[in-house]
Amino acid sequence: MSLNTSYQPKEYETSIQEIWQKAGVGKPEKHYQKGQNDGKTTHTILMPPPNLTGPMHAGHSYQHYLMDTLSRYNRQRGKWNLWYPGVDHAGIQLEGVISKLILKGEFDSIIQEKLTGLDFICKEHDKVASIIEFDGETILREDLHTWLKKNHPDLWLELAWSKVNLWRDNQKQQAQVLGDTPDYSRQLFTLDPKAVEMVNLAYIKYWEDNLIYKGAYLVNWSVGLQTALSDVAGEIEYETKVDPFISFYYDLEEINFPGDTVPESTAQILAQTIQETLSTIEVSTVRPETIFGDVAIAVHPKILEKLISEKKFSQQIIDLIESSKLDIYYKIATLNKFKVKLIISGEVDPDFGSGALKITPASDITDYNIWKKYLQNDIPVFPHSIDRSGRLSLSCGDYSGLSVQTARIKIIKDLIENGQVPFTIEPDLENGESELKEFEVLTDQELEKLDYKKQIEYLAQLYPEYKVDWNYSHNVSICERTKTVIEPLISEEFFLSFENKAISTGKNLQQHGLEGVGEVNFYTPDFKDRATNFLENIHDWCISRDVIWGHKMPVWYNLDLNSGKLFFDFNQMESEVEIEGQNHLVANLFKVQVDKPTQPGNWVREEKILDTWFSSSLWPLSTLNYPATQLPVHIDVQEVTTENIQPDSKDCVFVIIHNPQTDQFLIQVNPQDSIHSTKYHLLGRKLKAGENQVAGIFRELEEEAGITSIDPEKLKFVGNYKIIRTQNKNNKELNIELNSQIFYLPNQDYFDSWLDSGNGKQTTKWVERSDLIANLIPAFTDLIESLDGIEKHDLPEIFYTYPTQELTTAKEIFYVWVVRMIVLSKYFTGQIPFESVVITPTVLDETGKKMSKSLGNGLDPVEAISNYSSDSLRLAMMAGMYPNRNMRLGGDIANRAMEKYRNFGNKIWNVARFIELMEEQNPADSEVESKELSDASKWILDKFISLEDSFEKEVLSYELGHIVDDLYNFLWDYFANWYVEYLKTEPSQISFARKLFTQFIKLSHPFLPYETEVLWKEFVGGNDLLVFERYDVNWSRSLQTPSSNNDFENIVSLLQNIRSTRGLFAIDPAGKIKATTTSKKILEYQQFFHLIGKVEIKLSDNSNSAGYLIKIEGHDISLDLLDYIQDPALEIIKTNKQVDNINKQISIIDKTLANPQFIQKAEKEVIEQKNSDLESRKADLGNLNLKLQFLKSNSKV
RNA sequence: GCGCGAUUAGCUCAGUGGUAGAGCACUUCCUUGACGUGGAAGGGGUCAGAAGUUCAACUCUUCUAUCGCGCACCA
């Protein structure tokens, strides 16, 4: 006996983890070397790069366990499995964390060291310095981080990097505790050179495709973070706030009839009407401080109709306004610098407020849209009332510089005092005076000292009669990270267009995305609709941020000529622009490129940083080496001539034909093994008189494949090409130049399908323009495969691992990350980045709340593992693995779940122990290699096969929870509870038991990697690690024999029945019961019955009528219970209950069967089922009645 | 407000158009050999509510309620 009595994970987990890491189990190459796979089928999972900040939480570990389990499973099934790890630089978030650390004084000593002349002045002992002095300048502690960012960005970055490197290590260590096996030899940090290269490449390609532009745009500006936020990234929260909702009048300022199209007399009448009925317009707002930014008043036509009392004029006025023949302007003399225009719009809700809406394009999205629609031509530039610091701008006169809240109070007060605010509709004059409370009247200065709420309360008391709802509650957007207010502002930002057609593909990103989404499988499937819906309504993506941590854009400006740093989109590059009275070619002013510009000039780089998601959306490409910097061979495409094609070469040759009508291409690829036919097809084609290449090919197609639908005369021959290769010439990119367009990206799967469809022979098919190159890829891959001394797997991963298989992700980042990856990968490669998206459950705490750092209700995986084990935590989590559901796993719930699986682990361990023990006790039996399988062994084998079946089925839908249940139930309910007990009576099956159990260890390895690895070594005696073992899916089936008359299931039922009878009669569990049977089969299990049922069976010719009879499927056992019955009266009551219950069931079935509708309409099988149910129910009833009889006849004993 | 998901035993969750399931917890009992991190037998549910479709509804449809998530938002 080498195994301990119980499994102690702590003794093993740490060392196993080290062994795995040392053995490089994450590296697919290792598994390949060991022959676990042949390298042909790949399985790739890209790890969603976690943010650097903070320790690993439950959500991370959940993802990791899932990815690891899937990886292990696929390795076992002989796949070349790559699980690619990485870390995200988390732009804004990390910047926030570093700022906090600076605030706390974490970096004080480094800062002091690096900046000579800087002093920290500490006012109080034991506290961080609150004032910093530098060269006579005084900086407050709270401003230190922004000061550093602004004046010493390099130092700020140095501080950040020092933490980043530390956190990366910590994170890796934590991940290893889980038993993670990603390939750490390949990891990527999103600021690594490889990622930077991809970002630059992407940016330039977008720009060259006319997808990037810079413009005035309404963005969600976080006052706290001083940056634009994404409205889909969860960066914005909504909070209900209470503010005053004030109504006020705009006064008529001007009436114009532009174009003089209205007769003078009519104009006069109309003007008079307007002056009489529209001298003021009432609007309402919670944001009176934005009045300075107003450009218009929008009124619903119905409302205007009502206001103009004379109906004969109202429609005329509306028509004139709408056709721009009448302009009416308003103004509040005390506030507005500019007059605002009256416009009519059905978009205004006529039932809300006064039905008139003030239009402030600089501060509101709907207003902005209305401005764009109606006013952009008239008012190309609109005023901003609020600046980026959240204060009123210079255009606000006396109010400029005030905070929003201060200004709001002041303006409300001024509006009221200037008589711009209407009275409430029915002022309660009678009781008004007496109800007025006494309150202290404050001066303006005193008022200002109060906080915002108090000020409002005061005004509410002071001005009860005005039309102001002082307690109006509404939703306000809040910055998720800093909890400061979000101001919708116009900001100069960079955008990636989803609308512009990309020059290279002829499609816009929205289209690419929609195509991609259509091809991806989503678990659960409803996410396909969500993604589609999202893309259908998508707007351009604001990709720039005003932070310093992240990717800089590869954008340069020539300050000598372009001091204003004007940005140009691709279409403008060839044009000349006039700047400062001079004409310049745009190309001289501005450059998008990776390296520093080489042309003379004072070039400076754009300072804005790319949104973190910009690099994240390129994740599949950057990880898998899309830029392909390390390609060992150079590949080029040449036009084929008689000189450069050689019959014995391994060149791939293809012909391309263009159909201008459909803009499709026909490509015909000839793989290497048919080079002779290639030569024939391309060059030696026997053309008929007057026939060109194209016509020749089509004639052959017609002859060979019966394709007749295309008119060859209309096609254009693009050319014959061959792919040539040379030694690595240090080329940076793999590319094909074809018709002077550069294409990228070979792909493995196309290669496979190509060969499949073409059987290694010539293949011809039509492809869309955008798919042209993707369809040529097989030819490359073929070529690369054939290179001497170069293995496919030495090539950049993207050659053979793309598209990847699963992307596992939490639903929170579905739109912002997953959908974008689909869009952009599709755009770059023509293919989706991953075949399946698996939405993992959200891990909730005990009370059903989402786990979060701020609530502190998270499950700490490291702690959980140290209390239980990694395997337990993994099983507990995977047991809840059903895509897109929630899972409660916190506190006691988590503990209970982990206990369950700790016990499971122990059970497995003890089964192994038992087998070892049996082998020691029965050395002769255990050594016998092949013994005929007994019924019981066949029975357990069948159970195992159905376990395997459901395993394979469930893994396809990622419902791993079922697999965990199935593994648990097989091992415990079947193997341990019955088969192990059986083995005690039949040691001859022990060698089979070992084999089957060994197979179970392998099968369950992805779910209990540590323990199975231990057992593999200590119990199975494997030479190598279990991780490197391939799972033989045919093993179990090869042993299976067509089972007929396997009675073991019945034996189990009989024993269960005996056990419950024991319980029923409250018979001493250890007490032996004598019994007789007429079945010889049962007698074969004499020992088994003795062991499990404590029943001593003898064969008898007649069933013992005095005994208690149990009958199942022709087997009978009569138990002699007379000596054991303790309280027959109680049992009679219980049994009667059962009889009642069965009678109820019988009557239900009877009713159903008596229903003519049922007999008529139900399926035959169902009716048969019902009948057999009825019979078995009746049989049960018979048994129970026998029992009752038996009990009654003995009740007086 | 719109959309999505959930609602099944005390708890955590599976499940299915044709007699309600698991684990934990609970009750009673069992301890000298694989395992007390174990074994046996039990109790416990009008499957959130209502209506509809159906021979038959926990399952399908609609509505309602509650919870959660996502999106948007009203001056």
Side-chain angles (χ1 to χ4, degrees), chain A residues 1 3 5-7 231-232 234 238 245 247 283-287 290 297-298 348-349 352-360 364-367 474-475 477 524 526-527 529-530 533-534 537 811-812 814-815 842 844 846 848-850 876 879-880 882 884-889 892-897 899-918 921 959 961-962 965 968-969 973 976-977 980-981 983-984 1056 1059-1064 1066 1068-1070 1092 1134 1144-1146 1148-1149 1152 1155-1163 1165-1167 1169-1170 1173 1177:
Chain A
M1 280 304 275
L3 302 177
T5 51
S6 63
Y7 174 54
D231 56 354
V232 288
Y238 298 92
F245 181 63
S247 300
V283 294
S284 318
T285 182
V286 283
R287 305 209 55 185
T290 62
I297 301 169
V348 180
D349 180 354
F352 190 90
S354 60
L357 172 61
K358 70 187 204 61
I359 302 300
T360 325
D364 185 279
I365 291 166
T366 45
D367 288 11
H474 63 136
N475 286 337
S477 43
T524 54
D526 55 303
F527 275 84
D529 295 338
R530 293 200 211 178
N533 185 40
F534 171 75
N537 301 310
K811 51 178 158 266
E812 288 86 355
F814 180 71
Y815 296 118
T842 309
L844 307 174
E846 271 178 292
K849 281 192 191 112
K850 216 166 133 181
Y882 295 90
N884 188 28
R885 290 188 203 179
N886 294 342
M887 179 184 191
R888 287 191 190 194
L889 201 68
D892 281 345
I893 291 173
N895 289 338
R896 268 183 270 150
E899 264 162 36
K900 173 180 174 181
Y901 294 109
R902 178 200 59 195
N903 297 351
F904 178 47
N906 193 55
K907 195 71 183 176
I908 295 174
W909 184 263
N910 274 291
V911 167
R913 228 168 84 82
F914 167 77
I915 291 172
E916 276 197 347
L917 186 78
M918 287 294 286
Q921 288 173 350
E959 299 198 345
H962 284 302
D965 276 355
Y968 187 99
N969 292 334
D973 295 347
N977 284 355
V980 159
E981 294 302 321
L983 285 174
K984 291 176 182 170
Q1056 282 174 333
R1059 280 174 168 176
S1060 76
T1061 307
R1062 266 180 188 283
L1064 203 62
D1068 168 20
I1092 304 272
K1134 279 188 181 176
K1144 256 185 210 166
Q1145 293 180 15
I1146 287 176
I1148 290 170
I1149 301 176
T1152 313
N1155 184 347
Q1157 299 267 40
F1158 173 75
I1159 301 298
Q1160 208 179 340
K1161 293 185 178 173
E1163 288 169 33
E1165 292 85 24
V1166 176
I1167 298 173
Q1169 182 65 42
K1170 285 277 175 202
D1173 281 355
R1177 232 25 65 73

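Since the structure is predicted, the reported quantities are computational estimates derived from the model, not experimental observations. Reminder, nothing fancy here: chain letters follow the sequence lines and each chain counts from 1. The figures here come from the full heavy-atom set of this structure, side chains too, leaving out hydrogens, waters and symmetry mates.
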Under 4.0 Å: is that the gap between some side-chain N or O of [X] and OP1 or OP2 of [N]?
| X | N | result |
| --- | --- | --- |
| N910(A) | U37(B) | no |
| K984(A) | A34(B) | yes |
| H962(A) | A22(B) | no |
| R888(A) | U12(B) | yes |
| N903(A) | G38(B) | yes |

So do the side chains of [X] and [Y] get within less than 4.5 Å of each other, counting heavy atoms only?
| X | Y | answer |
| --- | --- | --- |
| R902(A) | N906(A) | no |
| N884(A) | D526(A) | yes |
| Y882(A) | M887(A) | no |

Among [options], which is the nearest nucleotide to the side chain of [X]?
| X | options | result |
| --- | --- | --- |
| N977(A) | A40(B), A34(B), A14(B) | A40(B) |
| V980(A) | A34(B), A75(B), G15(B) | A34(B) |
| K811(A) | U37(B), C69(B), G23(B) | C69(B) |
| D526(A) | C4(B), C11(B), A34(B) | C4(B) |
| T285(A) | G23(B), A75(B), C35(B) | A75(B) |
| I893(A) | A34(B), U12(B), C35(B) | U12(B) |

Nearest-angstrom distance from the residue atom [atom1] of [X] to [atom2] of [N]:
| X | N | atom1 | atom2 | answer |
| --- | --- | --- | --- | --- |
| Y815(A) | G3(B) | OH | P | 13 Å |
| N886(A) | C11(B) | CG | P | 17 Å |
| R902(A) | C24(B) | CZ | P | 12 Å |
| N1155(A) | U54(B) | CG | P | 14 Å |

Requested in this report: Please work out if V286(A) contacts a base, only the sugar-phosphate, or nothing of the nucleic acid, heavy-atom cut-off 4.0 Å.
Outcome: sugar-phosphate

Query raised in the report: Touch check for V911(A), heavy atoms < 4.0 angstrom, all strands: base, sugar-phosphate only, or nothing?
Result: base

Report task. Give a yes or no on whether a donor-acceptor pair under 3.5 Å exists between the nucleobase atoms of A40(B), that is its base, and the side chain of Q1056(A). Result -> no

Query raised in the report: Does K907(A) get its side chain close enough to the base of C35(B), under 3.5 Å, for a donor-acceptor pair?
Result: yes

**Report entry** Whether Y968(A) and F904(A) hold their rings parallel, tilted or perpendicular, with breakpoints at 30° and 60°
**Finding:** tilted

Report summary line: Between the CZ atom in R913(A) and the OH atom in Y7(A), the distance rounded to the nearest 0.5 Å is 15.0 Å

